[in-house]
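A short worksheet on the structure shown next.
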Amino acid sequence: MPNSNKTYISELKNNVGGEVTLSGWLYQARSSGKIQFLIVRDGTGLCQCVVEKGKIANELFEQLKHLGQESSLTITGTVRAEERSVGGYELAVTGAEIISPAVDYPITPKSHGIDFLLKNRHLHLRSQRQWCIGKIRHTVIDAIRRFFNDNGFTLIDTPIFTAAAGEEEQTLFEADYFGTPMYLTQTGQLHLEAAAMSFGKVYCFGPTFRAEKSKTRRHLTEFWMVEPEVAFIDLAGLLELAENFVSFIVTHVLQNNKGELETLGADIDTLEKTKPPFYRLTYTEAVDILTGRKTQDFLAEQLKELQSQKQQTESKIAELEKQQAGQLKQWQRDKIAAELIELRADLAETNTKIENNPKHAKLAAEFQWGKDLGGSDETIISQMHDKPVFVTHYPKKAKAFYMKTDRDNDKVVLNFDLLAPAGFGEIIGGSAREDDYDLLVKRIAEYGLDVENYLWYLDLRKYGSVPHGGFGLGVERTIAWLTGEKHIRQCIAFPRMMDKVYI
RNA sequence: UCCCCGAUAGCUCAACUGGUAGAGCGAGCGGCUGUUAACCGCUAGGUUGUAGGUUCGAGUCCUACUCGGGGAGCCA
């Protein structure tokens, strides 16, 4: 091994002209007779290492040429700035040592199906895309903790095993707790309310489990949620807290992960607009929008766009198919075939959207005041805005028992959802909590719940009750929004989905 | 739980109205001194998800099952 400085790829910019040693894995390799381009990853980034014949021992040159993808190695060379390289720097290799050669790595640089990738999740984590998402997730979680810690909140760890339900009973995972049934937590909220009466401002942050039979791109059965709870706060205060919080996360990610966002193709311009104040709609206003002219026009316009998109894709496909019929080199033929696969997938997606458009229009037009907003309704509202939107004051019937009844209109509760823009949908749900003892007892009864299970919760209204409230933010949904990732399962290292847990 | 689509080489996909399976990537060998999912040549690799049925003949048609994808409802 030559005598040189061990370093990380992220530090290369500080070592231009110097000789350094990297430890990592072979991500990709191209060779051209007397020159090889090895892309090495070390956990901090990617670096192109240029190996020239004659600059290193012939034997080593041959070994490197036959090294399999994901082999581990240390590699030494001189750092130079190079525009053509990933990351802007590259290594002129002077030496290398193979630590462990890898043979037949299953994930190739070409495209793969999602089932295959999830089966190989332990390896897929090494891919550029998953690495970028992981880095952003780290920043999001760091920002969450930083925001609350720096704003006078105290962290409370609420239990994972719970006796009573926080949300819907049917969606609880049951566990056998020494012979008695217990449930995996769906929210730390009830316990958090108790803690808020001690510390004032508190938050909990941990995994949440919901046995919803939801097979969609927005659902996991195990996901991470952060929930703040504040004493002496009203709905307006909660909205302000939520918009400052979300803006803080976005700013943090933009500061720390621009490169990752670019690699992922995220919509950075829109993210940069995410600053308070966010839009505010009441549920009633949202319903008026959904059932009104504006939504029908909006959807009609969208349908037109989709149809022209469909035509464009179809004519592109037709053109490529024509080309395919002509005389071509094999590699040209393959390139066309690959493009066709992508275009056909796009077309299928566009077709689904076209198919759904009138259904969504109908659902929106026929929306009845009193129902909870459906997924498509949320998407429509969210698509109409370029910044997150609060929807507040939902009908009491559609919401949980602990939400505070609006004293000016007892048909609605003082709650809110925050919808991420451009169609991503709900990332936060929250409310002011019912703080009146008698009203809360009544609500528990109305929901057919057993008051016996909520005696301790009612105590909080008995001994110095105060107006208070809080909300929950879904970490994976937030990451999906920030990264532009279509499916939430890519936003956690080892996703747990309904009916399917891979590894 | 419901609706739609799919399952062909290790991976991603082809195979016109039923006529006996073909590419690329990956792997192996060789060539190429600036590649960007590099390129070029050669080699190996398949009882077409399972079980039945129709037919002279099934990857292709029918039935059931298994697995997967997308969407709906519900939600963060």
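Each chain gets a letter, A, B and so on, in the order the sequences are listed, and its residues count up from 1.
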List for me each residue that meets salt bridge (Lys or Arg N to Asp or Glu O under 4.0 Å) alongside [X], sequence neighbours excluded, and say none if there are none.
X: A:E227; value: none
X: A:E222; value: none
X: A:K213; value: none

Note to self: In this structure, how many angstroms lie between the C1' atom of B:A72 and the CD atom of A:E212, rounded?
What the structure shows: 14 Å

Item checked: Nearest-angstrom distance from the residue atom CG of A:L91 to P of B:U35 -> 19 Å

Quick one: label [X] by what it contacts on the DNA or RNA (base, sugar-phosphate, nothing), any heavy atom closer than 4.0 Å.
X: A:H112; value: sugar-phosphate
X: A:E378; value: base
X: A:R489; value: sugar-phosphate
X: A:S31; value: base
X: A:D417; value: nothing
X: A:Q48; value: base
X: A:I114; value: sugar-phosphate
X: A:E82; value: base

Partner residues of [X] under the side-chain hydrogen bond (donor to acceptor under 3.5 Å, both in side chains) criterion, sequence neighbours left out:
X: A:N415; value: none
X: A:T216; value: A:H219
X: A:E70; value: A:R41, A:R126

Kindly give the atom pairs (protein nitrogen or oxygen, nucleotide nitrogen or oxygen) under 3.5 Å for nucleotides 26-28 of chain B.
none

Note to self: Below 30° counts as parallel, above 60° as perpendicular, anything between as tilted: where do the rings of A:F147 and A:F248 land?
What the structure shows: tilted

Notebook entry, point to check: Going by the angle between their ring planes, with limits at 30° and 60°, are A:F205 and A:W224 parallel, tilted or perpendicular?
Noted result: perpendicular

Note to self: Both A:H360 and A:K34 contact RNA chain B. Which one's nearest nucleotide lies toward the 5' end?
What the structure shows: A:K34

Check: Starting at the 5' end of RNA chain B, which residue's closest nucleotide do you reach first, A:L363 or A:F223?
Finding: A:L363

Note to self: Just to verify, what does A:F148 make a ring-ring contact (aromatic ring centres under 6.0 Å, His included) with, not counting sequence neighbours?
What the structure shows: A:F153, A:Y203, A:F245

Item checked: All ring-ring contact (aromatic ring centres under 6.0 Å, His included) counterparts of A:Y105, not counting sequence neighbours -> none

Next item on the list: Using both pair distances under 3.5 Å as the test, note the stems of at least 3 consecutive Watson-Crick or G-U pairs that include RNA chain B.
Entry: B:1-7 with B:66-72, B:10-13 with B:22-25, B:27-31 with B:39-43, B:49-53 with B:61-65

Check: Taking the same atom, P, in B:A14 and in B:C61, what whole-Å distance lies between them?
Finding: 14 Å

Quick one: the side chain of [X] and the base of [N], do they pair up donor-acceptor inside 3.5 Å?
X: A:R80; N: B:G34; result: yes
X: A:E90; N: B:G34; result: yes
X: A:R210; N: B:C74; result: no

N/O to N/O distances under 3.5 Å, protein versus nucleotides 4-8 of chain B:
none

Next item on the list: Could I get the full list of side-chain contact (heavy atoms from CB on, under 4.5 Å) partners for A:E305, not counting sequence neighbours?
Entry: A:E301

Note to self: Between A:Y279 and A:H385, is the ring centroid distance below 6.0 Å?
What the structure shows: yes

Margin query: From C-beta outward on A:F116, which listed nucleotide comes closest to its side chain: B:A76, B:U12, B:G34?
Written below: B:U12

Notebook entry, point to check: Out of B:G71, B:G34, B:C67, which has the shortest distance to the side chain of A:K500?
Noted result: B:C67

